[in-house]
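Inspection log for the structure reproduced underneath, given as structure tokens.
One is the number of the first residue; the rest follow in order along the sequence. Just so we're clear, the structure is a prediction, and the values are computed from it rather than from any experiment.
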Amino acid sequence: MNEELGITIGTAARAAREHLGLTQAEVAERIGLVHPVYSRLERGKMLPSVPSLYRLCQELRVSPETLLGLTPAGEVRKGAKKQSPREDGDAPDLRRLLHLARKLDAEKLDALLHVASALAR
């Protein structure tokens, strides 16, 4: 394994995950890995497969170039438009809540809606 590449991918993945306000367990679940394997990836102890790298880029909303360390820090890829926070999605807590809500059955989702409605008043 190329240790330098592993560290580059792991460091970029951790930074992107923390920026989104996600836990390692949440990202691992979303990309189809078990938590200990994802943890090894972030620590640079393993390289992801190509399908895992693809899913990781999608979930963390980063380009493969960024994860592979091919883009200088702060540089936006040609043709990529910078998104406002509203276009980029909701705040990390709202995205996390939405992710959890999608796992609920109809009865629990209805209860969550009542609680949220009451809190919003």
Thr8 side chain to Glu4 backbone, donor-acceptor under 3.5 Å: yes

Rounded distance [0.5 Å steps], CZ in Arg102 versus CG in Leu104: 11.5 Å

Sequence neighbours excluded - salt bridge (Lys or Arg N to Asp or Glu O under 4.0 Å) pairs with any residue from residues 14-35: Arg14-Glu42, Arg17-Glu42, Glu26-Arg96, Glu29-Lys103, Arg30-Glu59

Between CD1 on residue Ile9 and CG on residue Leu53, distance to nearest 0.5 Å: 6.0 Å

Distance, nearest 0.5 Å, that separates CZ of Arg43 from CD1 of Ile7: 12.0 Å

Listed partners of Ser117 passing side chain to side chain donor-acceptor pair (under 3.5 Å), at least two apart: none

pair Val115-Leu119: side-chain heavy atoms closer than 4.5 Å: yes

Hydrophobic cluster membership, Tyr38 vs Val50, 4.5 Å side-chain cutoff: no

Minimum heavy-atom distance Ala13-Leu67, with the two atoms named: N-CD2, 3.6 Å

Co-membership, hydrophobic cluster, residues Tyr54 and Leu47, 4.5 Å side-chain: no

Separation of Ser39 OG from Leu33 CG (nearest 0.5 Å): 11.5 Å

Check: Ser52 side chain, Pro48 main-chain N or O, donor-acceptor pair, under 3.5 Å: no

Side chain proximity check, Leu56 to Val27, heavy atoms < 4.5 angstrom: yes

Close side-chain approach of Pro36 to Arg40, heavy-atom, < 4.5 Å: no

Heavy-atom closest contact (Ser63 atom, Cys57 atom, distance): C-SG, 3.9 Å

Considering all heavy atoms, the nearest Ile31-Arg55 contact: O-NE, 2.6 Å

Test item: Leu5 and Leu68 side chains (from C-beta on) under 4.5 Å apart, heavy atoms: yes

Pairs where residues 108-121 contributes a residue and the test salt bridge (Lys or Arg N to Asp or Glu O under 4.0 Å) is met, not counting sequence neighbours: none

Cluster overlap Leu100 with Leu109, hydrophobic side-chain contacts below 4.5 Å: no

Over all atoms of both residues, closest heavy-atom pair of Ala25 and His35: N-CD2, 3.4 Å

